[in-house]
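For the numbers below, each heavy atom of this structure counts, side chains included, while hydrogens, waters and symmetry mates do not.
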Amino acid sequence: MRILLFAFYYLSLNCLVSCVGTVEDLDPASTKGINVGGSDIAFDGIYDVEVIANDKVEIYFYPSQLDARDVTYVISYDGLSIPKAVPGASLRPDYRGLLKYVLTGLDTNREYTFVVQAKDESGTESNSTLVKKARTFSNQTANFLGIGDVKNLPGFDGRTALKVEWPAAERIGSIFVPKEQDPIQYEITLLDSDVVTPVAFDDDVFEEPTRKVVFVGGEKISHQVNGLQPDTKYFVRVRAIHSGMNDYGADPSYSAEQNNTYILASTLSDDISSLEVEQDSFEVEIPSGGAGLYSLSTKWKAAEGSIDHYRVYYKKSSEGSAWSFYKSSRDEICSGPEVSDSSWNCTSISFEKESFTIADLTPFTDYDINLIACATRNCEAGNFVEYNSSPPYKTNPGHASFGGITEIIGAKYYWSLNEYYLQLTPPDFNSGVADGILVELKERSTGPSVDTFLNHPDNPSGLDISVANFDYRAATEITISGIDLNETVPYCFELVPYYYDNGVIVENRNNPVTRCKLPQLEVPTLEDFTGLDGAVLDSSTSTVNLTWSAPLQGVYEGYRLYVRIDGGTFNFSDATSGDANYMSIDIPYGQTSYQAPFLANGNYTFGILTYYTSDGTELFSEANTNTQTITVGP
């Protein structure tokens with residue numbers, strides 16, 4: 001029956017196309033395809049012309065025997081000063097083998113005579129004498145070029161639906177107050193290509209499922225056509241119905257635009273074998289930072305074809321049955337722990353997704369994870385395709401990146417001369433995990449004889465050297481006590497972050513940094529302590545107010561303020577050696593200002609140093625240049 005219908009409509013189409021109007025041979029005695037120059041271009045010329053609007057026609061012709069890349073079709077009509085040149089490579093044959101070109105910009109209700117020639121790359125042109133006459137519609141129609149594209153819907157809907165798209169017809173008025181030629185509706189027609197040819201687009205003898213017609217609003221540019229048959233090819237056409245059809249549509253001489261542009265598109269198959277899956281595209285990644293302890297991220301390349309949904313199955317590797325066995329006995333319903341085997345969990349994922357993160361997992365644990373693409377809602381055996389998986393996948397984001405010790409600073413306080421201060425930048429917890437930082441004292445000739453952790457949570461060091469408590473997540477300095485200032489061998493340290501994996505410490509020695517320092521008493525340098533910041537005279541009381549900032553580093557037990565009272569040049573070496581022109585004042589540790597009250601008239605120069613007394617010897621900070629001179633009185 002289908003073959004007979006196809007043959008009937010193919011023959012009918014020849015009459016419908018060629019019997020509208022007359023093809024005239026202007027020179028029957030001439031030999032077709034022979035040029036004046038004698039070159040033969042085999043081309044029959046125009047085959048037909050169909051009027052489709054008040055300003056458009058469709059020109060039909062068979063291809064020449066030249067390669068499509070080497071031929072240009074030249075279309076002429078009366079009133080056209082420069083013929084239309086159409087590259088052959090831009091045209092595609094329709095189901096009859098005819099090429100089609102749409103001419104636009106014609107006059108309303110005017111008769112035209114059309115001619116088509118073929119021209120090769122050298123400029124040689126055929127001399128077909130065939131012409132075709134046609135008159136454009138006498139009324140305004142929608143300015144519309146026809147269908148734009150037909151797309152498959154992803155997922156299960158792709159079996160019974162197609163998404164049809166088109167460029168909007170020209171609108172001059174508004175949606176609410178349209179002009180005569182403005183679109184008020186679009187007509188979408190679909191034909192089962194196994195039953196009929198495009199000649200049946202306008203034949204209402206055929207009904208669904210062979211011929212389906214859908215009308216949509218004039219404001220739309222796409223529509224999902226449902227109710228189609230799976231794995232079926234359809235001829236799809238879109239026409240625009242303009243506003244004037246509301247008023248004049250009953251008049252048989254009043255026409256809507258009648259473009260014949262169509263696209264051949266197919267719904268998706270419901271056969272699982274048609275589902276295209278890149279099975280090796282499945283990947284499992286460990287999220288960075290702390291999230292990687294409790295979750296695993298999966299991703300894959302989306303399946304192509306009629307997919308209903310995805311399912312992700314996962315379990316602890318040490319529990320439950322193997323996937324190779326369990327996949328054939330899964331629950332039909334996918335929603336959390338499986339009834340068949342509660343160690344397996346299932347999550348259903350929408351067909352348009354390409355990734356999923358499994359959460360609420362156990363840290364440092366191996367998991368089996370499997371992904372399948374399901375063609376049906378219940379995902380029965382034989383209705384799914386499995387992605388390749390390579391478990392186990394462990395919830396372990398790895399160690400947080402860490403730069404180690406940046407500097408070791410010696411004693412800073414005169415009451416704690418046996419301390420070191422390890423400077424560091426905290427671990428980067430966006431990159432991994434850490435549960436603590438171990439301080440390791442490297443082996444020394446004077447002990448210890450092996451590298452020893454000073455703060456191991458399970459194994460005490462047994463040394464007199466200790467580590468003050470610190471917050472490993474935020475600390476920028478770690479205090480070490482028990483340093484012997486009399487030692488002549490440097491102390492060397494390394495910081496080792498770690499995490500716990502099932503109660504076992506896993507050390508991070510990915511970026512080992514060892515730094516050493518020889519014990520010695522260090523007073524503030526000029527960089528650490530720059531002297532006086534300012535000196536301000538209160539003339540009402542002849543009082544000078546002096547200020548400074550505490551040293552950044554170095555050992556000191558107080559400040560010594562020196563005053564030169566004779567107006568001469570100030571020199572710290574003279575001041576500290578007891579020169580009679582200087583007086584000195586000791587200021588307690590922690591104080592950063594001083595008042596020198598009721599000064600007699602004269603010139604005074606002030607300077608300040610830190611000092612520390614060691615074995616009866618005074619050690620001063622490095623001399624600075626920030627002295628201040630004040631004149632008291634007239």
Side-chain angles (χ1 to χ4, degrees), residues 288-290 292-293 363-364 396-522 528 551-555:
S288 60
L293 291 173
F364 301 107
N396 178 6
H399 293 286
S401 60
F402 180 64
I405 301 172
T406 58
E407 185 182 4
I408 298 178
I409 296 175
K412 295 190 289 186
Y413 310 109
Y414 70 90
W415 62 84
S416 299
L417 298 179
N418 67 340
E419 290 183 346
Y420 270 0
Y421 304 92
L422 310 183
Q423 309 298 299
L424 68 149
T425 299
D428 178 8
F429 291 97
N430 290 321
S431 64
V433 295
D435 292 325
I437 297 177
L438 300 173
V439 180
E440 185 176 59
L441 175 62
K442 297 299 185 178
E443 61 90 15
R444 306 166 68 240
S445 59
T446 57
S449 58
V450 295
D451 297 346
T452 303
F453 288 124
L454 300 179
N455 62 334
H456 196 285
D458 302 322
N459 303 310
S461 69
L463 302 176
D464 293 332
I465 301 175
S466 61
V467 178
N469 290 331
F470 63 95
D471 179 1
Y472 72 92
R473 300 187 65 89
T476 58
E477 182 178 270
I478 298 174
T479 302
I480 309 297
S481 299
I483 302 300
D484 185 352
L485 283 179
N486 296 317
E487 272 283 5
T488 58
V489 177
Y491 288 88
C492 298
F493 297 91
E494 180 183 338
L495 298 180
V496 183
Y498 67 92
Y499 60 71
Y500 282 107
D501 182 351
N502 293 317
V504 177
I505 283 181
V506 179
E507 301 173 8
N508 175 14
R509 293 186 183 268
N510 295 331
N511 186 28
V513 176
T514 298
R515 296 196 181 275
C516 304
K517 189 173 182 64
L518 182 66
Q520 58 184 356
L521 186 64
E522 296 175 338
D528 298 325
L552 299 174
Q553 294 183 37
V555 175

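- Counting heavy atoms from C-beta on, the side chains of Leu441 and Phe493 come closer than 4.5 Å.
- When all heavy atoms are compared, the tightest approach of Val433 to Pro397 is CG1-CG, 3.6 Å.
- One finds the CZ atom of Phe402 at 8.5 Å from the CG atom of Asn508 (value rounded to the nearest 0.5 Å).
- In plain terms, the two heavy atoms of Pro426 and Ala475 that are nearest each other are CG-O, 3.5 Å.
- Side-chain contact check for Leu495 versus Ile478: some heavy-atom pair is nearer than 4.5 Å.
- Rounded to the nearest 0.5 angstrom, Glu440 CD and Asp451 CG are separated by 4.5 Å.
- Ile465 has its side chain out of reach of Pro448: every pair of non-hydrogen atoms, C-beta onward, lies at least 4.5 Å apart.
- Distance check: Leu518 CG to Tyr491 OH gives 9.5 Å after rounding to the nearest 0.5 Å.
- What you find for Asp428 and Ala400 is that their closest heavy atoms are O-CB, 3.3 Å.
- For the residue pair Val496 and Glu507, the shortest heavy atom distance occurs at CG1-CB, 3.8 Å.
- In terms of heavy-atom proximity, Tyr498 sits nearest to Pro457 at OH-CG, 4.1 Å.
- For residues 452-477, every residue pair satisfying the side-chain hydrogen bond (donor to acceptor under 3.5 Å, both in side chains) rule, not counting sequence neighbours, is listed here: Lys412-Glu477, Gln423-Glu477.
- The two atoms that bring Pro519 and Pro490 nearest to each other are CD-CA, 4.4 Å, heavy atoms only.
- Remark: Tyr499 engages Phe364, His399 in a ring-ring contact (aromatic ring centres under 6.0 Å, His included) (not counting sequence neighbours).
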Inset, instruction - Evaluate the side-chain contact (heavy atoms from CB on, under 4.5 Å) criterion for residues Leu424 and Ile437: first the C-alpha distance (whole Å), next the side-chain angles of each, then the deciding distance (0.1 Å), finally the verdict. - result: CA-CA 11 Å; Leu424 68 149; Ile437 297 177; 4.1 Å; yes
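- Comment: Glu494 engages Lys442 in a salt bridge, judged by a side-chain N to carboxylate O separation of less than 4.0 angstrom.
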Legend entry - Step-by-step side-chain contact (heavy atoms from CB on, under 4.5 Å) determination, Val467 to Ile480: CA-CA 5 Å; Val467 178; Ile480 309 297; 3.7 Å; yes
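- Every residue two or more places apart in sequence or in another chain was checked for a salt bridge (Lys or Arg N to Asp or Glu O under 4.0 Å) with Glu443, and none qualifies.
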